[in-house]
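So that the names make sense, note that chain A is the first sequence line, chain B the second, and so on, each numbered from 1. Small disclaimer: the values here were computed from a predicted structure and weren't measured.
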Amino acid sequence: MFLKVQLPWNVIISAENLDVKGLMLQRSIIIRLLDDFACKKATKDLGYFLAVTTLESIGEGKVRQHSGDVLFPVVFSGITFKLFRGEILDGVVHKVLKHGVFLRCGPVENIYLSNLKMGDYKYVPGENPVFLNDKLSKIGKDVTVRFMVIGTKWLEVERDFQALVSLEGDFLGPVS
Amino acid sequence: MNCEVSLILEHKYEQLQQMSDDPLNQVSQVFEKSLQYVKRFSRYKNPDAVRQVREILSRYQLAEFELCVLGNLCPETVEEAIAMVPSIKNRGRALDDEAIEKMLNDLSLIKRFE
């Protein structure tokens, strides 16, 4: 789900960007904020950082002792994406394996749907492997599937989320 | 809701396009994948329609996440809506089946006239 968050942040402007008129200063703060934001990728609590919507306030700059940079505490609003347990979402299959499929939903690539959670879908091997059920409904690459999230995991090193999902429930499964 | 995020991310992308020749190089993977996702999974493309959807859903005392899931998944029947968001039937709320049906009908009208 997409979240709207309000965050405090510390933007550091190095000395060489400071010797211009006041208006340019605000612009460099915004540019620096957007750069930092894009690099950050994701956090455990807020999910994946997508975009900055508004800059709420810029505080007074503090000069840092050793480097001569100035630190500006800012507060801004932005949009993030996070998966929640129990949430129902649409995703696209991007990899089909013998014991399950991997789905992609928003910026998350590692969403795993095990064959044990697919109800009566069975693996059909071949050049283009798919999962098929008795009603000939297909789960294969590039198919859109509606699933429920049963668990999520934050990987600190890769700064990524993983999720485990299921089709056990009404109205879940491939959607046309 | 996905459709609202779609409008925001598309706008950001256009801003980037105006500032440089190769916007795709400038955006992160996260942004690109999210933009692709919301464009594909937004039921309502027109900003007025999106506003109307939010307005309609806001009339029903829903929690923010309930509003989002309903706006994203667009259930067609009352049964489907309750399966997607089971909490709308909780705690003696003023949301009986009739109200849910009316809400879904209003939403489908917007889709038709978009």
Q. A:Ile88 and B:Val69: which non-hydrogen atoms are nearest, and at how many Å?
A. O-CG1, 4.5 Å
Q: Under 4.5 Å, counting heavy-atom pairs only, tell me which of B:Ala83, B:Cys68, B:Pro86 racks up the most with chain A.
A: B:Ala83
Q: Measure distances from A:Leu50 to the heavy atoms of chain B and classify the residue's part below 4.5 Å as side chain, backbone, both or neither.
A: both
Q. So, for A:Pro107 and B:Lys33, which heavy atoms are closest and what is the spacing to 0.1 Å?
A. CA-CB, 4.0 Å
Q | Side-chain ion pair, A:Arg146 and B:Glu80, N-O less than 4.0 Å | A | yes
Q) Under 4.5 Å between any side-chain heavy atoms of B:Phe41 and A:Leu89, yes or no? A) no
(Q) Between B:Lys12 and A:Val52 (side chain of the first, backbone of the second, donor and acceptor by atom type, cut-off under 3.5 Å), is there such a pair? (A) yes
(Q) Tell me if the NE2 atom of B:His11 is crowded by more than 12 foreign heavy atoms within 6.0 Å. (A) no
Q.
What I'd like to find out is whether the side chain of B:Phe65 reaches to under 4.5 Å of the side chain of A:Glu87, using heavy atoms alone.
A. no
(Q) I'd like to know whether CZ of A:Arg85 has more than 12 heavy-atom contacts from other residues, nucleotides or ligands below 6.0 angstrom. (A) no
Q | Winner by heavy-atom pair count (cut-off under 4.5 Å) against chain B, out of A:Asp170, A:Val92, A:Leu172 | A | A:Val92
(Q) With clusters defined by side-chain heavy atoms of hydrophobic residues (ILVMFWY) lying less than 4.5 Å apart, directly or transitively, does A:Phe84 cluster with B:Met84? (A) yes
Q) Would a 4.5 Å heavy-atom cut-off, applied to side chains only, mark A:Phe2 and B:Val38 as touching? A) yes
Q: Check the hydrophobic clustering (I, L, V, M, F, W, Y; side-chain heavy atoms under 4.5 Å; chains of links allowed) and say if B:Tyr60 and B:Ile110 are grouped together.
A: yes
**Q.** Heavy-atom pair with the smallest gap, counting every atom of B:Val30 and A:Phe49
**A.** CG1-O, 3.6 Å
Q) What option among B:Ile8, B:Leu9, B:Asn72 has the most heavy-atom pairs under 4.5 Å with chain A? A) B:Ile8
